[in-house]
Amino acid sequence: MSEKKPEDKSGDLSEQEVVRREKMRNLAEAGVDLFPHKIAVTHSIQEIVSAYSESSGEDLEAAGVHVVIPGRIVSIRKMGRAMFFHIKDSETKLQAYLRADKIGQGKYELFSSIDIGDMVAVEGDLFKTRTGELTILAQDWTFLAKCLHPLPEKWHGLQDVELRFRKRHLDLIVNPDTARIFRLRSRIIAGIREYFNGRGYIEVETPMMHAIPGGALAKPFQTFHNALGMELFLRIAPELYLKRLTVGGMNKVYEINRNFRNEGISTEHNPEFTMLEFYEAYADYNDMMEMTEELIHDLAVELLGTDQLTYGEHTISLKRPWKRIKFMEALSEYSGLAPSRFDNRDSIIELAVTLAGEGAAPTYGKALDVIFDKHVKPHLVQPTFVMNPPKEISPLAKASPDNPDEAQRFELMVAGMEIANAFSELSDPDEQRKRFEQQAEARKKGDEESHVIDEDYINVLEYGLPPTGGEGVGIDRLVMLFADRKSIREVILFPLLRPKT
RNA sequence: GGGCCGUUAGCUCAGAGGGAGAGCACCGGCCUUUUAAGCCGGGUGUCGCUGGUUCGAGUCCAGCACGGCUCACCA
């Protein structure tokens, strides 16, 4: 191994990167610790700004607020023997004022080896400038970290969508909205935990690796366990495991975790996504609707201060109760097809095939689903519970007591997106076996998303699943709604990207 | 997977057959309450890649790569 010094690579570096490495050497030669182990700071920028931004200059001076604050330098304005710069933490900026006469000639000149992007701690007293901006007058500064690459442009930030996702750290440094979205996401998830914990639920973790992929209709990712010599699948849903817990007497459980689906990537789909699933014994899908309204409405009021969401060009009202409509009624209302048209099953399948292409709609139920997605979903902007879809496309749901072809199930649609899906859980093991067999039949006909027969799960049901309501909520899509983002990638820190070649 | 669009300096972008450009950033100089600081001077580049057409290609053509939008797919 040849011991190449970093500067040997200077041929590959841009001029700005070479300059930054030179400046780093200058600091080292001046005795600065380039990678300090521990710095005694007194406050975060966020703490200082929220505590003192409203204080008057006189009050600040009288109080003599002496602090040491760390941050990343995001702008510098040099003015001869003095300079202003802003330091920033994830969402807040604070101005610092450095004067040669105040801090001393040596420390002032050493600062010329500091670049935008570097991290420093500034020590000094708070004051207000002529324009009223809260500022720290530096008595000293400490080097924290060198940024060896130039930062994106200060005004436009980082616009390139691909770069924003590939270099999320940079996106977070220069685009304040990004940090805000992910803080909102964190608060939404914390709020959900609070809601369920407060209702006596317990949070659980079930396997991510399944021997049989189940709980949803989707194509799985495949992997292999060497020691067991066994094919495994990344889970497409936790559903079947959570219901095992209900059989075991854990009457209220929820899980917030990742699901993996080996399907297309789009503005609404990422191969790994976060799902909330919850199950409550002695509840049914009506209870699930009540809880869903309450959870999402209250979260919006608490986190956004309103039950009116702005989503793109839409205003979405979360005022309860939300619209409820039966699947078949929604179909005839929005598709423009006469209700009688749906009696002719072959013609419906034919229509779905023209809409979605060959192989997309092998059965009547699937065909209805295709027509729904195409003609109904885009219209459902205000929160709408679409109830009682065909049993055939709901293999884990109880049939409706008053119509054996319908499932006691709903999907929550908001802004044309499916946000949640819930049902009264099918508990009859023999009926479940029949449903699996029908799914297996569809699978044989080429429907890769159909369920496979899960004997183990049927055996679990044979021990007795009480009447239970269960629901899955797409967390990423919920965050999209709350954060007013049209792409799921804006709300996932590291969305899946093709490796850079 | 199909269609449309994009890929030019570190970033944001203009350039549509013949001199590689602007703003920010960067480098040098001036400047002690500025804040998209200002003033003077400096262009730092494999124009995504590979071929082709042409006297001449960032520009036209083909293929490829990556990305965005959209359609399809998608509990």
Side-chain angles (χ1 to χ4, degrees), chain A residues 13-20 22-23 57 74-86 93 95-103 108 112 115-117 127-133 135 137 147-167 170 174 215-219 236-237 239 259 261-271 273 275 355-360 366 369-370 372-374 377 386 389 393-397 407 409-413 417-423 448-449 451 471-472 474 486-487 489 497-501:
Chain A
L13 299 178
S14 72
E15 183 208 11
Q16 296 198 39
E17 289 166 330
V18 171
V19 167
R20 280 171 183 255
E22 275 168 15
K23 287 179 172 178
V74 291
S75 62
I76 300 177
R77 292 173 292 285
K78 288 190 178 172
M79 304 170 56
R81 312 300 306 156
M83 72 177 83
F84 288 91
F85 57 92
H86 274 99
K93 284 185 199 174
Q95 184 169 253
Y97 185 35
L98 204 64
R99 297 172 55 128
D101 59 2
K102 187 85 180 172
I103 200 168
Y108 188 84
S112 64
D115 286 303
I116 290 174
F127 76 105
K128 289 230 166 160
T129 62
R130 273 178 204 159
T131 52
E133 178 166 351
T135 301
L137 176 60
C147 178
L148 290 169
H149 302 282
L151 291 188
E153 207 245 354
K154 64 180 170 188
W155 192 242
H156 299 93
L158 189 61
Q159 298 289 322
D160 185 295
V161 177
E162 181 187 357
L163 272 184
R164 286 187 42 232
F165 300 150
R166 285 196 195 280
K167 303 195 171 185
L170 255 191
V174 298
L217 307 180
K219 291 172 215 158
I236 54 176
E239 168 150 358
N259 289 343
R261 298 190 183 174
N262 205 341
E263 288 164 352
I265 294 176
S266 77
T267 48
E268 289 174 35
H269 299 85
N270 194 60
F273 63 100
M275 184 96 131
L355 285 175
E358 210 62 45
K366 270 267 178 186
D369 210 24
V370 164
F372 181 88
D373 279 354
K374 186 83 181 171
K377 209 159 122 175
V386 178
I393 51 171
S394 314
L396 298 164
R409 167 187 174 190
F410 69 80
E411 290 184 324
L412 170 63
M413 311 297 304
M417 286 191 289
E418 183 192 336
I419 298 295
N421 176 30
F423 31 90
E448 285 179 74
E449 283 144 20
H451 234 287
E471 176 165 341
K486 288 196 210 86
S487 168
R489 294 173 154 205
L497 300 172
R498 213 181 289 264
K500 189 124 189 165
T501 47

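Residue numbers start from 1 in every chain, and the chains themselves are labelled A, B, ... in the order their sequence lines are given, proteins ahead of strands. In this text, all values refer to a predicted model and were calculated from it rather than measured experimentally.
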- For A:Glu17, report the nucleic acid contact type (base, sugar-phosphate, nothing); a contact means any heavy atom under 4.0 Å. nothing

- Which value, in whole Å, describes the distance between the C1' atoms of nucleotides B:rG56 and B:rC4? 31 Å

- Query: What nucleic acid atoms does A:Arg164 come within less than 4.0 Å of, heavy atoms only: base, sugar-phosphate, or nothing?
  - Reply: nothing

- Message: Looking at A:Glu153 and B:rA25, is any side-chain donor or acceptor paired with a base atom of the opposite kind under 3.5 Å?
- Response: no

- Item | Base paired to B:rG1 (Watson-Crick or G-U; both N/O distances under 3.5 angstrom) | B:rC71

- Query: Where do A:Ile76 and A:Met83 come nearest, in terms of heavy atoms and distance?
  - Reply: CG2-SD, 4.1 Å

- More 5' along RNA chain B: A:Lys102 or A:Glu15, using each one's nearest nucleotide? A:Lys102

- Message: Need one value for A:Lys167: base, sugar-phosphate or nothing, where a base atom within 4.0 Å counts as base even if backbone is also close, heavy atoms only.
- Response: nothing

- Is there side-chain contact between A:Pro389 and A:Glu411, with heavy atoms separated by less than 4.5 Å? no

- Query: What nucleic acid atoms does A:Gln95 come within less than 4.0 Å of, heavy atoms only: base, sugar-phosphate, or nothing?
  - Reply: base

- Short side-chain N/O contact to B:rC27 OP1/OP2 from A:Lys23, under 4.0 Å: yes

- Scan A:Leu151 against the nucleic acid and name what it touches under 4.0 Å (heavy atoms): base, sugar-phosphate only, or nothing. nothing

- Message: Checking side-chain polar atoms at under 3.5 Å, does A:His156 have a donor or acceptor matched by the opposite partner on A:Glu153?
- Response: yes

- Task: Look at the side chain of A:Thr267 and decide which nucleotide, out of B:rC69, B:rG10, B:rU34, has an atom nearest to it.
- Result: B:rC69

- Between B:rU34 and B:rG21, how far is it from one P atom to the other, in whole Å? 37 Å

- Query: Expressed as a whole number of Å, how far does the P atom of B:rA57 sit from that of B:rC61?
  - Reply: 15 Å

- Touch class at under 4.0 angstrom, heavy-atom based, for A:Asp373 against every strand present: nothing

- Message: Any base atoms under 4.0 Å from A:Gly474, or only sugar-phosphate, or nothing? Heavy atoms, all strands.
- Response: nothing

- Per atom distances to the A:Leu163 side chain, the nearest of B:rG10, B:rC11, B:rU34 is B:rC11

- Would you kindly check whether a donor in the side chain of A:Ser14 faces an acceptor in the base of B:rU44, or vice versa, at under 3.5 angstrom? no

- For the pair A:Glu263 (side chain) and A:Ala218 (backbone), establish whether a donor and an acceptor sit closer than 3.5 Å, ignoring hydrogens and angles. no

- Item | Closest to the A:Arg166 side chain, choosing from B:rU12, B:rU34, B:rG67 | B:rG67

- Query: Considering only the C1' atoms, how many Å lie between B:rC13 and B:rU54, rounded to the nearest integer?
  - Reply: 30 Å

- Message: Of the listed nucleotides (B:rC69, B:rU34, B:rC73), which one gets closest to any side-chain atom of A:Lys219?
- Response: B:rC73

- Task: Would you mind reading off the distance between A:Gln159 atom CD and B:rG10 atom P, rounded to a whole angstrom?
- Result: 18 Å

- Message: From the set B:rG68, B:rC11, B:rU33, return the single nucleotide nearest to any side-chain atom of A:Leu158.
- Response: B:rC11

- Note on the structure: Taken to the nearest whole Å, CZ/A:Phe127 to C1'/B:rU33 is 7 Å

- Between B:rA36, B:rC69, B:rA25, which nucleotide gets closest to the side-chain atoms of A:Ile116? B:rA25

- In whole Å, what separates the C1' atom of B:rC31 from that of B:rG38? 9 Å

- Message: For the C1' atoms, the ones on B:rC55 and on B:rG43, what distance do you get once it is rounded to whole angstrom?
- Response: 30 Å

- Message: Give me the atom names and distance for the closest heavy-atom approach of A:Pro152 to A:Leu170.
- Response: CD-CD2, 3.6 Å

- Message: Expressed as a whole number of angstroms, how long is the span from A:Leu13:CG to B:rG45:P?
- Response: 12 Å

- Any salt bridge between A:Lys23 and A:Asp115, counting N to O under 4.0 Å? yes

- Query: How do A:Arg130 and A:Ser112 order along RNA chain B: which one's closest nucleotide is nearer the 5' end?
  - Reply: A:Ser112

- What integer number of Å spans the P atoms of B:rC47 and B:rG19? 15 Å

- Between B:rC30 (C1') and A:Arg81 (CZ): distance, integer Å: 12 Å

- Task: Return the minimal non-hydrogen interatomic distance between A:Glu17 and A:Pro150, and the atom names on each side.
- Result: CG-CD, 4.1 Å

- Would one find a side-chain N or O of A:Arg498 under 4.0 angstrom from OP1 or OP2 of B:rG67? yes

- Note on the structure: Of B:rC66, B:rU32, B:rC27, the nucleotide closest to the side chain of A:Val19 is B:rC27

- Query: Between A:Tyr108 (side chain) and A:Arg99 (backbone), is there a donor-acceptor pair under 3.5 Å?
  - Reply: no

- Message: Any base atoms under 4.0 Å from A:Pro389, or only sugar-phosphate, or nothing? Heavy atoms, all strands.
- Response: nothing

- Query: Under 30°, 30 to 60°, or over 60°: which ring-plane class applies to A:Tyr97 and A:Phe84, parallel, tilted or perpendicular?
  - Reply: parallel

- Item | Atom-pair distance (CG on A:Asn270; P on B:rG68), nearest Å | 11 Å

- Query: Where does B:rA25 land, syn or anti, once you apply the within-90°-of-0 test for syn?
  - Reply: anti

- Please report, rounded to the nearest Å, how far the P atom of B:rU44 is from the CZ atom of A:Arg20. 19 Å

- Task: With P as the reference atom in both, quote the distance from B:rG28 to B:rC60 in angstrom, rounded to an integer.
- Result: 40 Å

- Note on the structure: note: A:Arg489, atom CZ; B:rC66, atom P; distance rounded to Å ~ 13 Å

- Note on the structure: Whole-Å distance, A:Glu162 CD to B:rA65 P, equals 15 Å

- Message: Could you identify the nucleotide paired to B:rG56, looking across every strand shown and requiring Watson-Crick or G-U wobble geometry with both distances under 3.5 Å?
- Response: none

- Message: Quick check for you: among B:rC69, B:rU32, B:rG67, whose closest atom lies nearest to any side-chain atom of A:Ser487?
- Response: B:rC69

- Query: For B:rU32, does OP1 or OP2 lie under 4.0 Å from any side-chain N or O of A:Arg99?
  - Reply: no

- Please work out if A:Phe423 contacts a base, only the sugar-phosphate, or nothing of the nucleic acid, heavy-atom cut-off 4.0 Å. base

